[in-house]
**Student:** 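What follows is a single structure, and I will ask about it in a moment.
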Amino acid sequence: MGVSMNVSKTKWARYFKKDNPISYGTALQLAHNPDLRVVIDNNNETGKWMYSISVVDPDEHCGFWMDSFETKKEALSLCKEMGWKVIR
């Protein structure tokens with residue numbers, strides 16, 4: 001699919017808007033960046049071990065969570081679907 005798609009129409013965007021409406025605009029702006037780079041980290045910041053997808057960027061959005069999943073495979077799948085470059 002990649003970033004040429006209408007990001008706001010994706011399943012990811014609809015879920016993000018419902019789950020976190022306050023940060024939705026920021027997430028959408030970041031997701032539209034064709035050069036978006038992310039890292040996938042295993043952490044328990046939510047109280048449960050998850051694989052979080054975080055933005056890597058020199059601006060203020062560094063560390064912004066785009067999503068999280070129970071498995072790394074799921075996280076990688078979303079990154080591929082959205083066209084996000086996984087650097088770690």
Side-chain angles (χ1 to χ4, degrees):
M1 239 186 238
V3 292
S4 63
M5 70 180 132
N6 185 345
V7 174
S8 63
K9 302 288 185 191
T10 64
K11 182 179 175 182
W12 167 82
R14 289 190 306 271
Y15 174 78
F16 197 105
K17 185 176 185 178
K18 181 180 176 185
D19 191 52
N20 194 345
I22 293 172
S23 297
Y24 176 70
T26 300
L28 209 56
Q29 177 186 3
L30 292 166
H32 274 291
N33 179 353
D35 297 319
L36 183 67
R37 296 177 307 140
V38 298
V39 295
I40 299 174
D41 288 314
N42 188 235
N43 62 70
N44 68 345
E45 290 182 35
T46 63
K48 180 179 179 182
W49 284 99
M50 302 288 285
Y51 288 89
S52 62
I53 303 168
S54 302
V55 172
V56 176
D57 126 357
D59 298 330
E60 62 191 75
H61 302 297
C62 187
F64 184 92
W65 277 29
M66 298 299 276
D67 213 327
S68 60
F69 295 92
E70 290 187 7
T71 69
K72 188 171 185 177
K73 182 178 179 179
E74 292 171 298
L76 288 168
S77 178
L78 176 67
C79 292
K80 182 178 179 180
E81 178 182 332
M82 298 300 291
W84 301 338
K85 295 171 183 75
V86 178
I87 62 167
R88 178 182 52 145

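From a predicted model like this one, the values you see are computed outputs, not experimental measurements.
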**Student:** Is the shortest side-chain heavy-atom distance between Val56 and Arg88 below 4.5 Å?
**Tutor:**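 Val56 vs Arg88: side chains apart.
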
**Student:** Backbone N or O of Asn43 within a donor-acceptor pair of the Asp41 side chain at under 3.5 Å?
**Tutor:**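 No, because the side chain of Asp41 does not come within donor-acceptor range (under 3.5 Å) of the backbone of Asn43.
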
**Student:** Please tell me if the side chains of Trp12 and Val7 come closer than 4.5 Å, counting only heavy atoms from C-beta onward.
**Tutor:**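 The answer is yes; the side chains approach within 4.5 Å.
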
**Student:** Are Met66 and Tyr15 connected in the hydrophobic side-chain network, where two residues link if heavy atoms are under 4.5 Å apart?
**Tutor:**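 Hydrophobic grouping puts Met66 apart from Tyr15.
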
**Student:** Does the side chain of Asn42 reach to within under 4.5 Å of the side chain of Lys72, using non-hydrogen atoms?
**Tutor:**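 The answer is no, as the side chains (C-beta and beyond) never meet within the 4.5 Å cut-off.
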
**Student:** Without swapping roles, check the side chain of Arg14 against the backbone of Lys9 for a donor-acceptor pair under 3.5 Å.
**Tutor:**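 Looks like yes, one N/O pair under 3.5 Å.
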
**Student:** So do the side chains of Thr46 and Ser68 get within less than 4.5 Å of each other, counting heavy atoms only?
**Tutor:**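 Of all side-chain heavy-atom pairs linking Ser68 with Thr46, none is under 4.5 Å.
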
**Student:** What residues, two or more places apart in sequence or in another chain, satisfy salt bridge (charged side-chain N to carboxylate O under 4.0 Å, His left out) together with Glu70?
**Tutor:**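 Partners of Glu70 by the salt bridge (charged side-chain N to carboxylate O under 4.0 Å, His left out) criterion, ordered by chain and then number, come out as Lys48.
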
**Student:** Do the side chains of Ile40 and Leu30 join up, straight or via other hydrophobic residues, at under 4.5 Å, putting them in one cluster?
**Tutor:**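 Same hydrophobic cluster.
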
**Student:** Give the minimum heavy-atom separation between Tyr24 and Ser8, together with the two atoms involved.
**Tutor:**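 What the structure gives for the nearest pair is OH-CB, 3.7 Å.
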
**Student:** Output the distance between atom CE (Met82) and atom NE2 (His32), rounded to the nearest 0.5 Å.
**Tutor:**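 Atom-to-atom, Met82:CE and His32:NE2 are 8.5 Å apart.
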
**Student:** Rounded at 0.5 Å granularity, tell me how far CH2 in Trp65 sits from CE in Met50.
**Tutor:**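 If I round to the nearest 0.5 Å, the distance is 7.5 Å.
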
**Student:** Is a side-chain N or O of Ser23 found less than 3.5 angstrom from the main chain of Thr26, in a donor-acceptor match?
**Tutor:**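 Side chain of Ser23 to backbone of Thr26, a donor-acceptor pair under 3.5 Å: no, none is there.
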
**Student:** Decide yes or no on side chain to side chain contact (heavy atoms under 4.5 Å, CB included) for Phe69 and Ile53, but give the supporting numbers first.
**Tutor:** CA-CA 8 Å; Phe69 295 92; Ile53 303 168; 3.8 Å; yes

**Student:** Using a 4.5 Å cut-off on heavy atoms from C-beta on, say whether the side chain of Asp67 contacts that of Phe16.
**Tutor:**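 Contact flag for Phe16/Asp67 side chains = no.
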
**Student:** First locate atom OG of Ser54, then atom OH of Tyr51, and finally report the distance between them rounded to the nearest 0.5 Å.
**Tutor:**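 Rounded to the nearest 0.5 Å, the OG-OH separation comes to 14.0 Å.
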
